[in-house]
Number of protein chains: 2
Amino acid sequence: MGQGVEWALHSCVNMSWTPVGEAVSSARLAAFYRLPAAYLNKQLQALVRAGILASVSGPRGGFQLARRPDRISVLDVVLAIEGNDDAFRCEGILKDAPGGMEADYARTCLISQTMRHAEVTWRTELSRQSIAGIAQSIERRFPDAREETVRQLTGARGRQEPRSA
Amino acid sequence: MGQGVEWALHSCVNMSWTPVGEAVSSARLAAFYRLPAAYLNKQLQALVRAGILASVSGPRGGFQLARRPDRISVLDVVLAIEGNDDAFRCEGILKDAPGGMEADYARTCLISQTMRHAEVTWRTELSRQSIAGIAQSIERRFPDAREETVRQLTGARGRQEPRSA
DNA sequence: GAGTAGCTACTCGGATAGTACATGTCCGAGTAAACTTGG
DNA sequence: CCAAGTTTACTCGGACATGTACTATCCGAGTAGCTACTC
């Protein structure tokens, strides 16, 4: 699985903490984790295309959650980055197998069904977890995490402090 | 997920049908599905290294199951081909994050735990299914499949028929 | 002093290289069967 | 006819190319805010 999934999930959790209506730039998120900013931006673009994030250009621009964090599942983020294809793709190799069972056998391939069933359980498990749920768990376990994150992400943004001396 | 997983699973099911003690060459298995023989051979080598198959060289050589098919789970085959690493690898990006929560946060990263939990359910699901179970399901649904497969895999093997004329 | 035109700086967005892994192919080591030859 | 030595053909096993996708980077389009100028 690609690295971008981890970055996207962390970014979504962080953005669930920032004030609504205020966008966070990819550069600031990248600096938070010491990540390559341009590449993180590319991943967030995929989330925009999936309708998970909304983007605004220009100064004070950036990304923000497109809907409430309790309506964004972990599966949504994973599929946005990795694509909707199943991990196990049955190429239907049986259609070339000899014997009189080609078509039917291929459609009802038991191996494909087994793999698909396992993947469905995996997806179901991820769809049960939401960004908001993870954020709440983190808040419970690390009471300072939210405040610290918001401070790092919104502090000294745009507002140039008065030049001293 | 790699294509070899599908080939390996089908090959294991087929070998669960062939008589014990008789090896099946990769060339014959590849011809059954119209697959590149050398590449299938490469995949089966991985199963040998994992202790799932046993290989014998020379004429009448090939591969055979190293243990009873009801003791080989689908997960065993998948891990033998794909490797034992988790699909989602948490690189611990939080260790570079600012704030006073680095080490603890990284070790107990909730996102990593969520992804890991989903993967555990996936693996559990696959570990419940055995090669023998899949083979039996196929036999029930397609009564002729086993006989036809064995005939294709063992027919005219080595035994050169008497030259006519 | 207030309004407006222009400029600057900052952001996303997609197009562009670099790299690791999966895919596909090839040849050599080893072995069991088949053949030949001598008794 | 039988047995031992030799040859042969077939197999796995790992080393060698190729293609694809992930990773990483750069530059242009667009916009909000600031600045300067005019009234």
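All values below were derived from every heavy atom in this structure, side-chain atoms included, with hydrogens, water molecules and symmetry-related copies excluded. Predicted model, so just to flag it, every value in this text is computed and none were measured. Letters go in sequence order (proteins before strands), and every chain restarts at 1.
- Applying the salt bridge (charged side-chain N to carboxylate O under 4.0 Å, His left out) criterion to Glu125(B), with sequence neighbours excluded, gives no partner residue.
- Following chains of ILVMFWY side-chain contacts shorter than 4.5 Å, one can reach Ile138(B) starting from Val150(B), so the two form part of one hydrophobic cluster.
- Shown here is Glu147(A), whose CD atom has no more than 12 heavy atoms of other residues, nucleotides or ligands within 6.0 Å.
- Legend: salt bridge (Lys or Arg N to Asp or Glu O under 4.0 Å) pairs involving residues 48-57 of chain B, not counting sequence neighbours: none detected.
- With values rounded to the nearest 0.5 angstrom, Phe88(B) atom CZ is found 11.5 Å from Arg116(B) atom CZ.
- Among residues two or more places apart in sequence or in another chain, the side chain to side chain contact (heavy atoms under 4.5 Å, CB included) test is passed with Ser55(B) by Val48(B), Phe63(B).
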Could you give the side-chain donor-acceptor pairs of residues 72-85 of chain B under 3.5 Å, partners two or more places apart or in another chain?
| unit_1 | atom_1 | unit_2 | atom_2 | d |
| --- | --- | --- | --- | --- |
| Ser73(B) | OG | Leu75(B) | N | 3.4 |
| Ser73(B) | OG | Asp76(B) | N | 3.1 |
| Ser73(B) | OG | Asp76(B) | OD1 | 3.3 |
| Ser73(B) | OG | Asp76(B) | OD2 | 3.1 |
| Asp76(B) | OD2 | Arg67(B) | NH2 | 3.3 |
| Asp76(B) | OD2 | Ser73(B) | N | 3.1 |
| Glu82(B) | OE2 | Gly2(B) | N | 2.9 |

Could you list the protein-to-nucleotides 5-7 of chain C atom pairs, N/O on both sides, closer than 3.5 Å?
none

Heavy-atom contacts, protein to nucleotides 11-27 of chain D, under 4.0 Å, summarised as B (base), S (sugar-phosphate only) or - (none) per nt, yield BBBBB-------BBBB-

